[in-house]
Amino acid sequence: MQNIRINQIKDFCDNIVKINGWVYNSRRSGKIGFLTLRDGFGLLQCIVVKNEVSEETFENFKKLTQESSISVIGKVVKNDRATGGYEILLESFDTHHLSKDYPITPKEHGTEFLMSNRHLWLRSKRQHAILKIRHQIIKSIRDYFDMNDFTLVDTPIFTPSAAEGTSTLFKTEYFGKDAFLAQTGQLYGEASAMSFGRHYNFGPCFRAEKSKTRRHLTEFWMVEPEIAYCEIEEDMQWAENLLIYIINQVLDKRLNELNILERDIDVLRKVKGPFPRVSYTECIDQLQKDGFNIQWGDDFGSPEETHIANQYDCPVIVHRFPSDIKAFYMKRDPENEKVVLGMDILAPEGYGEIVGGSERETDIEILIERIKEEKLNQSDYDWFLDLRKYGSVPHSGFGMGLERVVAWICGLSHIRETIPFARTMTRLNP
RNA sequence: UCCGGUGUAGCUCAGUUGGUUAGAGCAGUGGACUGUUAAUCCACGUGUCCGGGGUUCGAGUCCCUGCACCGGAGCCA
């Protein structure tokens, strides 16, 4: 007899097998019982017929509670009445632990309660599906860069100062000095790109912004490629190809999970290149035409972003923003000094900005000037400025927020379900 | 930080114009049922009505205040 996982069930039809798992649900109808078993790889219905098992087995079955841990032995049979098409005719089982008063019942619960029980909520079907898709997206991101000869170089989480100087940082004590949790690995990525040519880093980022919206976490994961000898147009192409690759992989490998989430698959299938590319200036014209009160030079708010994204089925690339509203390291457009060679990718359906990137400034004098304008401490950036002293080259990169991509692909209304243990302004537990 | 909302049983919620003993479904326990999919049916009980202050003969309900949480804005991925 073989120990198997539920996702292998088709290969063991008519065999006696053993499966280790937990009780997802159990029902009884007199002398026949239905036990839904969960093993981390799927759900499987087990049938317990009173006349076909020992009296002791049937009595023990009656005692089973939600989320008790058990090992089931029985025969695999094909049956269309079972979800998944297969079920097990239970012969016997071992109880490892009887669960008592499991808080998450098969009925509805509020988000706050579920988030407080996140360590248990992870076992639910929807949450399991979301995290499987998250895993697929992470794997696809790494595969994409690895296939294209990028090197993963990890960037530090403890940093001495602000990288971008805009967002609020988490401050911590570091052997008598102040340290800050990294909000981006980007500046280190530029150093790495000068060594490896094609670099990416992928790790947690921290922002202490007091944002309480469905799009914000204080701890989130970002992937940041940085490419030497790469200009803005090529940068856009890398980002577009990455998104298309991710979507296709998820559609190919996690269709089952998308269906559990009742995601509209057609919306995802429409995502094909090339993505529309519109300049910031064109967006402002369009927004003004559509009645928005916005002037050239203003940053987009959430409603503006959504309005632009809603014009298209695909993600849309917005480029060449006013330099005043973007980070100091972005390169000025040689054809128009007022704008920088930056680009944002906005996801459809109101999911907002999922990618932000740019071609980087290569001229050390302009960088120093910009650092002064932003009132940053130049000595903090000495090492970064070194990159412009020793073989400076055109280079570009972008950051993609993992959780926003997961939220969009899964069609979730809130980002907190896209990460195993969300950290928000008001939640540090569990 | 600002704007709006919510807070009643383990969970999800109802609770009239202020009225006498605080209500339902689910979960739990016991029972019935050989094809259930959040099974169904019968029985069993649980409350710091978020805290504090006030108005009133009387407050879950009205007023003030504090707290917690939710959503949005700003900022951003």
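Numbers restart at 1 for each chain; the letters A, B, ... are given by sequence-line order, proteins then strands.
As judged by a 4.0 angstrom heavy-atom cut-off over every strand, A:Ile47 is placed among the base-contacting residues. A:Leu402 comes within 4.0 angstrom of no nucleic acid atom, judged by non-hydrogen atoms across all strands. Counting non-hydrogen atoms under 4.0 angstrom, A:Gln66 reaches nothing in the nucleic acid. A:Lys50 comes within 4.0 angstrom of no nucleic acid atom, judged by non-hydrogen atoms across all strands. Backbone-only engagement by A:Phe113 is indicated by non-hydrogen atom pairs under 4.0 Å involving sugar-phosphate atoms exclusively. Within the nucleic acid shown, A:Gly301 comes within 4.0 Å of sugar-phosphate atoms alone, with no base atom in reach, counting heavy atoms only. Among the atoms of the strands shown, none is found under 4.0 Å from any heavy atom of A:Glu52.
For A:Asn25 and B:U37, a side-chain-to-base donor-acceptor distance below 3.5 Å is absent, hydrogens and geometry of angles not being considered. Put simply, the side chain of A:Glu112 and the base of B:G7 share no donor and acceptor less than 3.5 Å apart. If you check distances only, the side chain of A:His109 never reaches the base of B:C11 with a donor-acceptor pair under 3.5 Å. Side-chain atoms of A:Thr213 and base atoms of B:G71 include no donor and acceptor less than 3.5 Å apart. For B:C69, its base never sits under 3.5 Å from the side chain of A:Thr426 at any donor and acceptor pair. Counting distance only, with no hydrogens placed and no angle test, the side-chain atoms of A:Arg404 and the base atoms of B:C76 include a donor-acceptor pair under 3.5 Å.
Residues A:Glu224 and A:Thr184 bring a donor and an acceptor atom of their side chains to less than 3.5 Å of each other. No side-chain N or O of A:Ser116 forms a donor-acceptor pair with one of A:Arg118 less than 3.5 Å apart. Using modelled atom types, one finds a donor on one side chain and an acceptor on the other under 3.5 Å when comparing A:Tyr329 with A:Gln186.
Across all strands shown, B:U61 forms no Watson-Crick or G-U wobble pair with both key distances under 3.5 Å. In this structure B:A43 sits in a base pair with B:U29, meeting the Watson-Crick or G-U test at under 3.5 Å. In this entry B:A73 has B:U1 as its Watson-Crick or G-U wobble partner, both defining distances falling under 3.5 Å. Under the Watson-Crick and G-U wobble criteria, each requiring two contacts below 3.5 Å, nucleotide B:U34 is left unpaired. Shown here, B:A24 forms a base pair with B:U12; the pair counts as Watson-Crick or G-U wobble because both key distances fall under 3.5 Å.
Rounded to the nearest Å, the gap between the C1' atom of B:U61 and that of B:C49 is 10 Å. With C1' as the reference atom, B:G45 and B:U29 are 11 Å apart, rounded to whole Å. Nucleotides B:C62 and B:U55 are separated by 8 Å at their C1' atoms, to the nearest Å. Distance check on atom P: B:G60 versus B:C69 gives 26 Å, rounded to whole Å. Going from the C1' atom of B:C26 to that of B:A38 covers 10 Å, rounded to whole Å. Here, B:G15 and B:G47 have their C1' atoms 14 Å apart, quoted to the whole Å. Between B:G30 and B:C67, the distance separating the two C1' atoms is 42 Å to the nearest Å. Annotation: B:A22 and B:U16 have their P atoms spaced 15 Å apart (nearest Å).
Residue A:Ser29 has no polar side-chain atom (N or O) positioned under 4.0 Å from OP1 or OP2 of B:U34. Within the 4.0 Å cut-off from OP1 or OP2 of B:G71, at least one side-chain nitrogen or oxygen of A:Arg416 is found. Between A:Arg27 and B:A39 there is a side-chain N or O to OP1 or OP2 distance below 4.0 Å. Contact annotation: A:Arg215 side-chain N/O to B:G71 OP1/OP2 distance is not under 4.0 Å. Between A:His216 and the phosphate of B:G72, there is no side-chain N or O to OP1/OP2 separation shorter than 4.0 Å.
What separates CD1 of A:Ile32 from P of B:U40 is a distance of 17 Å, to the nearest Å. Straight-line distance from the CZ atom of A:Phe300 to the P atom of B:C75: 12 Å, rounded to whole Å.
A distance of 6.0 Å or more separates the ring centres of A:Trp238 and A:Tyr200.
Comparing B:G35, B:C75, B:G71 by their nearest atom to the side chain of A:Phe34 picks out B:G35. Of the candidates B:U37, B:U34, B:U1, B:U34 carries the atom nearest the A:Val49 side chain, counting heavy atoms from C-beta on. Comparing atom distances between the A:Arg81 side chain and each of B:U34, B:U37, B:U1 picks out B:U37 as nearest. Which of B:G74, B:U34, B:G71 sits closest to the side chain of A:Arg214 comes down to B:G71.
The residue among A:Val355 and A:Tyr102 whose nearest nucleotide of RNA chain B is located toward the 5' end is A:Tyr102. Remark on RNA chain B: of its neighbouring residues A:Asp344 and A:Ala82, the 5'-side contact belongs to A:Ala82, judged by nearest-heavy-atom nucleotide.
Every side chain to side chain contact (heavy atoms under 4.5 Å, CB included) that A:Thr306 has, sequence neighbours left out, goes to A:Asn310.
Taking the centre and axis of the six-membered ring of A:Phe41, the NZ or CZ atom of A:Arg5 falls inside the cone set by 45° and 6.0 Å.
Nearest heavy atoms, A:Arg123 versus A:Tyr24: O-CE1, 3.9 Å.
For the pair A:Glu369 and A:Lys372, the salt-bridge criterion is not met [side-chain N within less than 4.0 Å of a carboxylate O].
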